[in-house]
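The structure under discussion appears below in the form of C-alpha cells.
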Amino acid sequence: MATSLGYRIAVSPSTSERSDEILTPAALEFVARLDNEFAGRRRELLDERRVRKDELNSGERQLDFLPETAHIRDDDSWRVAGAAAGLADRRVEITGPTDRKMTVNALNSGAKVWLADFEDATSPTWANIVDGQVNLYDAIGGDIDFTTDAGKRYAIGDDPATIVVRPRGWHLVEKHVRIDGRPVSAALFDFGIYFFHNAKRLIDAGVGPYFYLPKLESHEEARLWNDVFLLAQELLGIPRGTIRATVLIETITAAFEMDEILYELREHAAGLNAGRWDYIFSVIKNFAKQGADFVLPNRAEVTMTVPFMRAYTELLVRTCHRRGAHAIGGMAAFIPSKDPDANALAFEKVRQDKEREAGDGFDGSWVAHPGLAPVCREVFDGVLGGKPNQLDRLREDVSVGAEDLLNVASAGGDVTEEGLRANLNVALRYVDSWLRGTGAAAISNLMEDAATAEIARCQVWQWIYNGTKLSDGTAITTELVTELLDEELATVSADLGGASGTLGDARQIVVETALGEKLPSFFTTSAYARYLTTT
C-alpha cells in the first residue's frame with residue numbers, strides 16, 4: 001500500500017483472524033513515520049555496538065565510567081519524571097508473553113505490574129506478534145477472556161495489574177513489514193502499533209502508555225528512544241512526558257551509564273530493572289576472548305550474591321533512588337509443581353532472593369508465575385509496610401568502581417560435566433520450543449526465555465575458546481562438546497517422544513552459535529532465517 005506521505009508499505013499476510021483491526025493503514029503509516037525518521041540513527045548505533053564489542057573482545061578498549069559525561073553523574077540537581085498513575089507501587093511484577101491465556105492470568109495474578117513481553121518471552125512468529133497486539137487491545141478495552149480446554153472461563157477481575165509493554169530490542173527487524181523495501185525496526189513496530197491503538201484509551205482510563213526498554217547498551221540508545229517518544233506523542237497530540245519507560249540494565253556497557261541513561265530519558269523515565277540473565281550473557285559476549293579472568297563457572301553458580309553481580313545491583317539501587325526512579329529486582333523463574341518437597345525448597349530460595357533485594361532497597365521484583373506473586377508480595381510488604389516504595393533509601397553507603405563491576409573472577413566456582421551438559425540440554429529444549437512458537441518454555445520447573453539459551457550456548461563457546469578444563473581435568477573441546485551434544489539430543493528426543501520437526505534445526509542453531517570460530521547471534525543463523533521467513 002502507498003501512504004499519504006509517499007511511503008510504500010508491504011505487509012505479509014497474517015493467520016490472525018483480526019489482523020485487519022490492528023494492521024490498519026493509519027497504524028502502519030504511523031509506524032512508517034517513526035521508522036523513516038529514526039532508521040538511520042538506529043543503524044549507526046548498531047554499528048557502534050559492533051565496533052565496541054570487537055574492541056572489548058580484543059582488549060583494545062577498557063570499560064570505565066565515561067569521562068565526557070562526568071558532569072551528569074556529578075550533578076545532584078536533576079531528577080527523572082518518576083512514577084505515573086498505576087506505577088507508584090511496583091512491589092510485585094509478573095512477566096510473560098502476550099498470548100491470550102497469559103494476558104488474562106497475568107492481569108489477575110495479584111501483581112501490581114504485568115510486563116507484557118514481545119521480546120525474550122515471545123517467539124516472534126508473525127501470528128504471535130499480531131495476536132499479542134490484539135490481546136493487549138482487548139485487555140485495555142476490558143473485553144478479553146479465556147476458556148480452557150476443560151471449559152473453564154477466565155475473565156479480567158476488578159483490580160488488574162498495570163500493563164507495561166516490552167517491545168523487541170533495537171537489534172531486531174520485523175521482516176513481515178517492509179517500508180520502501182526495507183524491513184521495519186521490530187522495536188518501532190511493537191511500540192508504534194501498541195501506542196497508536198492504545199495510548200489515548202489508556203489515558204482515558206486513568207493510566208498511560210508505559211514501556212520496558214530492553215537490551216540498551218549506551219545512553220545514546222536511550223536518547224534515541226526518548227526522541228521516538230517525543231515524536232510519537234506529538235503525532236498523536238498527546239502531552240509531552242505522558243509516556244513512562246523503565247530500562248532494563250541487562251548489558252555490561254549499560255551498567256557503566258545508568259545515570260546517563262536516566263538523564264536522557266528523564267522526562268519519561270520511571271526506573272531501572274536488574275535484568276540479571278541477559279547481564280551475565282552480555283559479560284560473556286563482550287569479554288569472551290579476554291582470558292581466564294572472564295570465564296564464568298557453571299551457570300547455576302553465578303548467583304546474585306557473587307561480588308561482581310552484587311556490585312551491579314547495589315549501584316543500580318543507589319543510582320535510581322538518587323534520581324527519584326524505581327529500582328526493580330530480577331526474575332524468580334521457578335514454576336510450582338505437584339512435588340511438595342521440591343516446591344518447599346524452591347519457595348525458600350525465592351524468598352531468600354526477594355529478601356536480599358528488599359533489604360538492598362529495591363522497590364519491587366519480578367516473578368514468572370502467579371504462584372510466586374504471594375511470596376514476593378509478602379517479602380516486600382514486610383519491608384515497605386504502608387509505603388509504596390523505598391525511594392527514601394538513598395544507599396549512600398554504596399561505593400562501586402569500575403573494578404568492582406569487572407571483577408568477573410570473583411564468581412569463583414567450577415565448570416563440571418554436569419554444568420556443560422545442562423547448558424547443552426536447556427539450549428536444545430529452549431530453541432526447539434522457540435522454533436515451535438513458544439518463547440516462554442517450562443524446563444525443569446523453571447520458566448526459561450531467550451536469555452537462558454543465550455547464556456547457555458555462549459558459555460559453551462567461551463569454554464571451548466579458552467580451553468577451559470572440567471573439574472576432573474578434562475579439556476573442553478569442540479569434539480567433546482559435539483559428543484555430549486548428541487547424547488543430550490538423544491535424551492531430549494526421547495523425552496519429547498521422538499524428534500520434533502524442529503529439533504534438528506535447534507541442534508543446528510546450537511552448533512552454529514556455540515561451536516563455531518566466531519560467536520554469532522541466534523538471529524544470524526541460517527535455521528533462524530528459514531524460520532523467520534516461513535512463520
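In what follows, residues are counted from 1 in the order of the sequence shown. None of the values given here were measured: they were computed from a predicted structure.
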Salt bridge (charged side-chain N to carboxylate O under 4.0 Å, His left out) between Asp381 and Arg91: does it pass, once the steps are laid out?
-> CA-CA 8 Å; Asp381 284 351; Arg91 68 188 68 198; 2.5 Å; yes
Arg276/Glu357 under salt bridge (charged side-chain N to carboxylate O under 4.0 Å, His left out): CA gap, chis, key distance, verdict | CA-CA 12 Å; Arg276 59 175 74 176; Glu357 290 179 329; 3.2 Å; yes
Evaluate the criterion side chain to side chain donor-acceptor pair (under 3.5 Å) for residue pair Asn286 and Ser282; output intermediate values, then yes/no.
-> CA-CA 6 Å; Asn286 281 288; Ser282 173; 3.2 Å; yes
Start with the C-alpha gap between Asp360 and Arg393, add the side-chain angles, then the distance that decides, and say whether salt bridge (charged side-chain N to carboxylate O under 4.0 Å, His left out) holds.
-> CA-CA 9 Å; Asp360 284 348; Arg393 284 197 63 193; over 6 Å; no
Quick one: do Glu93 and Arg90 satisfy salt bridge (charged side-chain N to carboxylate O under 4.0 Å, His left out)? Show the steps, please.
-> CA-CA 6 Å; Glu93 300 194 352; Arg90 303 176 64 173; 2.6 Å; yes
Apply the test side chain to side chain donor-acceptor pair (under 3.5 Å) to residues Thr305 and Thr303: give CA-CA distance (whole Å), side-chain angles for both, the deciding distance (0.1 Å), then the verdict.
-> CA-CA 5 Å; Thr305 60; Thr303 67; 2.8 Å; yes
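Pairing each heavy atom of Phe118 with each of Ile129, the nearest pair is CE2-O, 3.6 Å. Ala368 approaches Ala333 most closely through the heavy-atom pair CB-CA, 4.1 Å. Residues Leu216 and Ala254 share a closest heavy-atom pair of O-CB, 3.4 Å. Across all non-hydrogen atoms, the minimal contact from Phe334 to Leu372 is O-CD1, 3.2 Å. Ala440 and Pro97 make their closest contact through CB-CD, 3.9 Å (heavy atoms, listed as atom of the first residue, atom of the second, distance). Residues Val415 and Thr468 approach most closely at CG2-CG2, 4.0 Å, considering heavy atoms.
Among the candidates Phe211, Tyr210, Tyr212, the single residue satisfying the ring pair (Phe, Tyr, Trp, His ring centres under 6.0 Å) test with Phe191 is Phe211.
Asp432 places no side-chain N or O within 3.5 Å of a backbone atom of Leu428 that could act as its donor or acceptor partner. No donor-acceptor distance shorter than 3.5 angstrom exists from the side chain of Ser433 to the backbone of Arg429, with no hydrogens or angles considered. Without hydrogens or angle criteria, Thr246 side chain to Leu272 main chain gives no donor-acceptor distance under 3.5 Å. Looking at Glu221, its side chain does come within 3.5 Å of a backbone N or O of Glu217 through a donor-acceptor pair. At least one donor-acceptor pair closer than 3.5 Å links the side chain of Gln290 to the backbone N or O of Leu56. With hydrogens and angles ignored, the 3.5 Å screen pairs a side-chain donor or acceptor of Thr148 with a backbone N or O of Lys152. For Asn407 (side chain) and Pro307 (main-chain N/O), no donor-acceptor pair under 3.5 Å exists by modelled atom type. With hydrogens and angles ignored, the 3.5 Å screen pairs no side-chain donor or acceptor of Trp461 with any backbone N or O of Ala288. Side-chain atoms of His326 come within 3.5 Å of backbone N or O of Ala88 as a donor-acceptor pair. Without hydrogens or angle criteria, Asp339 side chain to Ala342 main chain gives a donor-acceptor distance under 3.5 Å.
Other residues, nucleotides and ligands place no more than 12 heavy atoms under 6.0 Å from the CG atom of Asp159. Within a 6.0 Å radius of OH in Tyr154, no more than 12 heavy atoms belonging to other residues, nucleotides or ligands are found. Under a cut-off of 6.0 angstrom, the local environment of CD in Glu487 is crowded, with over 12 non-hydrogen atoms contributed by other residues, nucleotides or ligands. Open room surrounds OH on Tyr137; 12 or fewer heavy atoms of other groups in view lie less than 6.0 Å from it.
The residues Asp131 and Arg18 are annotated as not salt-bridged, no charged nitrogen and carboxylate oxygen being separated by less than 4.0 angstrom. In summary, Arg100 and Asp138 engage in a salt bridge, as defined by a charged side-chain N under 4.0 Å from a carboxylate O. Between Glu314 and Arg318, no side-chain nitrogen of the basic residue sits less than 4.0 Å from a carboxylate oxygen of the acidic one, so the salt-bridge criterion is not met.
Side-chain contact between Trp366 and Ile328: present, with at least one pair of heavy atoms (C-beta onward) separated by less than 4.5 Å. Ile455 is not listed as a side-chain neighbour of Asp278, based on a closest heavy-atom distance of 4.5 Å or more.
Below 30°, between 30° and 60°, or above 60°: for Tyr279 and Phe308 the angle between ring planes is below 30°, a parallel geometry.
Considering only residues two or more places apart in sequence or on other chains, Val375 meets the side chain to side chain contact (heavy atoms under 4.5 Å, CB included) condition with Phe347, Val350, Arg351. Residues satisfying the ring-ring contact (aromatic ring centres under 6.0 Å, His included) criterion with Phe281, sequence neighbours excluded, are absent altogether.
Residues Ser16 and Ser14 bring no donor and acceptor atom of their side chains to less than 3.5 Å of each other. For the 3.5 Å distance criterion, the side chains of Asp414 and Thr416 fail to qualify, holding no donor opposite an acceptor. When only modelled atom types and interatomic distance are considered, Tyr465 and Glu517 share no side-chain donor-acceptor pair under 3.5 Å. There is no side-chain donor-acceptor pair under 3.5 Å between Asp117 and Thr95. No side-chain donor from either of Thr103 and Asp99 sits under 3.5 Å from a side-chain acceptor of the other.
The CG atom of Asp363 sits 9.5 Å away from the CG atom of Asp89 when rounded to the nearest 0.5 Å. We find the OG1-CH2 distance between Thr122 and Trp434 to be 11.5 Å, quoted to the nearest 0.5 Å.
Sorted by first then second residue, the salt bridge (charged side-chain N to carboxylate O under 4.0 Å, His left out) pairs that include residues 119-130, not counting sequence neighbours, are Glu119-Arg166, Glu119-Lys215, Asp120-Lys215.
You'll find the ring centres of Phe189 and Trp126 inside the 6.0 Å limit.
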